[in-house]
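Throughout, a chain's letter reflects where its sequence line sits, starting with A, and its residues are numbered from 1.
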Number of protein chains: 2
Amino acid sequence: MTTRKPTSTNQRNRQVLDEYCGMTYALHLLGGRWKLLILYKLEQQKRRFSELKQVLPHITDRMLTLQLRELEHDGLVARTVFAEVPPRVEYELTASGHALSPTWKSLEAWGNTHRQATETMPG
Amino acid sequence: MTTRKPTSTNQRNRQVLDEYCGMTYALHLLGGRWKLLILYKLEQQKRRFSELKQVLPHITDRMLTLQLRELEHDGLVARTVFAEVPPRVEYELTASGHALSPTWKSLEAWGNTHRQATETMPG
DNA sequence: CGTCATACTTCCTTTTTTGTTAGTACCACA
DNA sequence: TGTGGTACTAACAAAAAAGGAAGTATGACG
């Protein structure tokens, strides 16, 4: 419960844009510092919480938990808890998550190309 | 000039991730509330500042200026000033900007599909 | 009873992003 | 001299995202 000005348009703008176009809606689900990376790491294989932590440089427990929760809520990642001690939890992509992988691959390809192009630009 | 803790890892994390993978680097260039939308509106035609303002719901002068400046700096958009009064400034996509359009189209397609899928989901 | 390992949660601070308000320069034209 | 239209800019405020530090439940094992 955060207090927010009753006239806030910050929140409204996001909602308007999300309804207005699937692109900004998607960006909203994928935005943030870690989400694309998490999806990427889950593409080939399911992984445990601790395994994700190992492969994601500098992420904290808190951020990993938060991002996974949102991805789960948004239907991109499935979470399976094994009733063991110590606990074991596995994360894997859903069908929707997998459906997105061509897109982030093309994003990665563009990113690498564009970076080279701008880095070698004169001026 | 904002003051920042010398030990801040927020900034560092972004840089690390951007260098680590073209996907997060790209996301960094495209992230934020308006950028993809601006690119999208410029895909078919060049537009003036005031024209962009008209087609972007609820954007403010300030945000439009900021986002255009970053897109220009990042080599996605070209800016042309005409020495007239009142001033006229036109924005258009660069080659890199155009190269990205298949990607945001697939993002949009995925977004629309995914939204339908999750909205109609039971539970 | 104390320790271990995993996967978290809670409370709080800092940093980043977005929005608000009120301006400015330019020159033609009335 | 005053108004009009365009494309901004500066100072400030609010909201959102990210990070830091410390704590919790579980049950096997010693």
Go through V89(B) and R79(B) one step at a time and tell me if the side chain to side chain contact (heavy atoms under 4.5 Å, CB included) criterion holds. CA-CA 7 Å; V89(B) 182; R79(B) 177 171 179 265; 3.8 Å; yes
Go through dA7(C), dG19(C), dC26(C) for me and flag the one nearest to the P87(B) side chain.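 Of dA7(C), dG19(C), dC26(C), dC26(C) is nearest to the side chain of P87(B).
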V89(B) has a side chain; which of dC8(D), dA17(D), dA5(C) sits nearest to it?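 The listed nucleotide nearest to V89(B)'s side chain is dC8(D).
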With a 4.0 Å limit, can you tell me whether Q11(B) has a side-chain N or O closer than that to the phosphate oxygens OP1/OP2 of dT16(C)?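 The answer is yes; a side-chain N or O of Q11(B) sits under 4.0 Å from OP1 or OP2.
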At less than 4.0 Å, is any side-chain N or O atom of N13(B) found next to OP1 or OP2 of dG19(D)? Yes or no.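 It does, given that an N or O in the side chain of N13(B) lies less than 4.0 Å from OP1 or OP2 of dG19(D).
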Between atom [atom1] in [X] and atom [atom2] in [N], what is the gap in whole Å?
X	N	atom1	atom2	value
E84(A)	dA28(D)	CD	C1'	13 Å
R14(B)	dA18(D)	CZ	P	10 Å
N10(A)	dT20(C)	CG	P	8 Å
L17(B)	dA18(D)	CG	P	11 Å
R88(B)	dC8(D)	CZ	P	13 Å
F82(B)	dC8(D)	CZ	C1'	17 Å
E90(B)	dC8(D)	CD	C1'	16 Å

Identify whether V85(A) and V81(A) are in the same connected component of the hydrophobic contact network (ILVMFWY, side-chain heavy atoms under 4.5 Å).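 Each belongs to a different hydrophobic cluster.
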Any heavy-atom pair between the side chains of [Y] and [X] that's under 4.5 Å?
X	Y	answer
L29(A)	L71(A)	no
L100(B)	L93(B)	no
W34(B)	L64(B)	no
E43(A)	K105(A)	yes
Y25(B)	E108(A)	no
L39(A)	L30(A)	yes

Over all strands shown, is R12(B) touching base, sugar-phosphate only, or nothing at heavy-atom distances under 4.0 angstrom?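 Nothing, no nucleic acid heavy atom in range.
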With a 4.0 Å cut-off on heavy atoms, is Y91(A) in touch with a base, just the backbone sugar-phosphate, or nothing at all?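 Sugar-phosphate, no base atom in range.
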Do the ring planes of Y91(A) and F49(A) sit parallel (below 30°), tilted (30 to 60°) or perpendicular (above 60°)?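 Rings of Y91(A) and F49(A): tilted, as their planes differ by 30° to 60°.
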Which parts of residues 44-52 of chain A get close to DNA chain C, meaning a heavy atom less than 4.0 angstrom away?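 Hits under 4.0 Å, by residue number: R48(A), F49(A), S50(A).
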Pull out every residue in residues 58-77 of chain B that has a heavy atom closer than 4.0 Å to any atom of DNA chain C, ordered by number, or say none.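 Contacting residues: T60(B), R62(B), M63(B), Q67(B).
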List for me each residue that meets salt bridge (charged side-chain N to carboxylate O under 4.0 Å, His left out) alongside E51(A), sequence neighbours excluded, and say none if there are none.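 Once residues adjacent in sequence are excluded, E51(A) has no partner under the salt bridge (charged side-chain N to carboxylate O under 4.0 Å, His left out) criterion.
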Between L76(A) and H114(B), which heavy-atom pair has the shortest distance, and what is it?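 Residues L76(A) and H114(B), closest heavy atoms: CD2-CE1, 4.3 Å.
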Going by side-chain contact (heavy atoms from CB on, under 4.5 Å), name the residues that satisfy it together with K46(A), two or more places apart in sequence or in a different chain.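 Partners of K46(A) by the side-chain contact (heavy atoms from CB on, under 4.5 Å) criterion, ordered by chain and then number, come out as E90(A), E92(A).
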Just to be sure I understand the geometry, which residues of residues 26-39 of chain A put a non-hydrogen atom under 4.0 Å away from DNA chain D?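 Result for residues 26-39 of chain A: G32(A), R33(A), W34(A), sorted by number.
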Taking atom NE2 of H73(A) as the centre, report whether more than 12 heavy atoms of other residues, nucleotides or ligands fall under 6.0 Å from it.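 Counting neighbours around NE2 of H73(A), 12 or fewer heavy atoms of other residues, nucleotides or ligands fall under 6.0 Å, so no.
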Roughly how far apart are L17(B) CG and R12(B) CZ, rounded to 0.5 Å?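 Here the interatomic distance stands at 9.5 Å.
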Between N or O atoms, less than 3.5 Å apart, protein on one side and nucleotides 27-29 of chain C on the other: list the pairs.
none

